[in-house]
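What's counted below: heavy atoms across the whole structure, side chains too, no hydrogens, waters or symmetry copies. Starting from 1, each residue takes its place in the sequence as its number. These numbers were taken from a predicted model, which means no experiment stands behind them.
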Amino acid sequence: MKKKYLFQLAQDLIMAAVLLSLFGYHLYEEITHEWLGLAFFALIISHLTLNTWWLKKLFTGEYSGYRTFQTTVNFATFLLFLTACISGILLSKHLFAEMPFHLTNDFTRKIHMTSTHWLQITVGVHLGLHWKAITNLFANAYRLNLEHWLAKYLIPTCWTIIAAYGFWVFTERELLPYLLMQVDFAYFDYSESQAVFYFDFFAMLIAAAYATRISVWAVFFRIKE
């Protein structure tokens with residue numbers, strides 16, 4: 001496998017880990033959250049730089065339903081990323097606290113919470129759109145046979161269970177109000193285990209990815225009789 005693809009794979013894994021870490025705002029000091037936000041910003045820029053070929057082909061070729069959906073998701077993810085970053089910088093209490101644009105009003109805080117929660121969903125959707133390509137990258141990197149029962153049945157079953165748990169977690173944690181901009185202050189359970197918290201948010205990411213994967217197959221690729 002080309003070193004570029006290995007680097008992309010490693011970078012995307014780190015990016016996902018940083019994104020999940022950012023949701024654990026209450027699990028470490030505020031300044032750590034801000035540094036992680038800057039790291040996520042740098043990783044996104046690197047991710048876009050490595051995928052400039054997609055931007056170059058944006059205005060070429062025909063747009064099928066699937067390509068239109070994929071493009072919409074990509075732009076929505078990027079806009080949410082910008083919104084989360086800009087609002088985060090405005091709310092900064094450490095790294096950018098002395099800047100003249102420092103702004104800590106309720107509206108900015110709600111924008112930040114809403115955009116970050118939507119970002120998790122669109123990142124999951126983005127992951128679902130590229131699930132097969134990522135699977136192939138892992139298979140090539142670790143020389144796995146995709147026709148082996150382990151890759152064909154056991155691993156997909158595990159992902160399905162995690163996705164189902166992710167949907168349950170989304171309901172149990174009552175996250176819908178965050179998406180609808182109905183939350184003024186985020187609620188954190190400081191007694192919660194870090195492992196449980198991060199696994200829950202990881203499961204929700206997988207839930208969005210798997211839901212997208214199934215929906216895309218059903219809408220765009222299923223062979224209709």
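- If you chain together hydrophobic residues whose side chains sit under 4.5 Å apart, Phe78 and Leu55 never meet in one group.
- Using a 4.5 Å heavy-atom threshold, the side chains of Ile111 and Thr83 count as touching.
- Atom OH of Tyr153 has 12 or fewer heavy atoms from other residues, nucleotides or ligands within 6.0 Å.
- Note on ring orientation: taking the six-membered ring where Trp is involved, the planes of His26 and Phe197 are perpendicular (angle over 60°, cut-offs 30° and 60°).
- Put simply, Ile45 and Leu119 are part of the same group of oily side chains (I, L, V, M, F, W, Y) that touch within less than 4.5 Å, one to the next.
- When each of Val123, Ile162, Val125 is paired with Leu205, the side-chain contact (heavy atoms from CB on, under 4.5 Å) condition holds for Val123 and for no other.
- In this structure the side chain of Ser46 reaches within 4.5 angstrom of the side chain of Phe7, judged on heavy atoms.
- Annotation: side chain of Ser21 is not in contact with side chain of Phe201 (no heavy-atom distance under 4.5 Å).
- Qualifying side-chain hydrogen bond (donor to acceptor under 3.5 Å, both in side chains) partners for Thr71, counting only residues two or more places apart in sequence or in other chains: none.
- Leu19 has its side chain out of reach of Phe202: every pair of non-hydrogen atoms, C-beta onward, lies at least 4.5 Å apart.
- Residues passing the side-chain contact (heavy atoms from CB on, under 4.5 Å) test with Phe220 are Tyr66, Phe69, Val216, sequence neighbours excluded.
- At least one donor-acceptor pair closer than 3.5 Å links the side chain of His102 to the backbone N or O of Ser92.
- Note: Phe188 and Tyr190 have perpendicular aromatic rings, judged against thresholds of 30 and 60 degrees for the angle between ring planes.
- Checked against the 6.0 Å centroid criterion, the rings of Phe23 and Tyr198 do not qualify as a close aromatic pair.
- Counting non-hydrogen atoms of other residues, nucleotides and ligands closer than 6.0 Å to CD of Gln182 gives a total above 12.
- Around atom CH2 of Trp54, more than 12 heavy atoms belonging to other residues, nucleotides or ligands sit under 6.0 Å away.
- Using a 4.5 Å heavy-atom cutoff, the side chains of Gln11 and Leu50 are in contact.
- Using a 4.5 Å heavy-atom threshold, the side chains of Phe101 and Ile89 count as touching.
- Between Trp131 and Trp159, the ring planes lie perpendicular to each other; the angle is over 60°, past the 30° to 60° tilted range.
- Counting heavy atoms of neighbouring residues, nucleotides and ligands inside a 6.0 Å radius, atom CZ of Phe41 does not exceed 12 of them.
- Summarising the geometry of Val183 relative to Met113, their closest heavy-atom pair is O-CE, 3.1 Å, with the distance given to 0.1 Å.
- When every heavy atom of Lys57 is checked against every heavy atom of Arg67, the shortest pair comes out as O-NH2, 2.5 Å.
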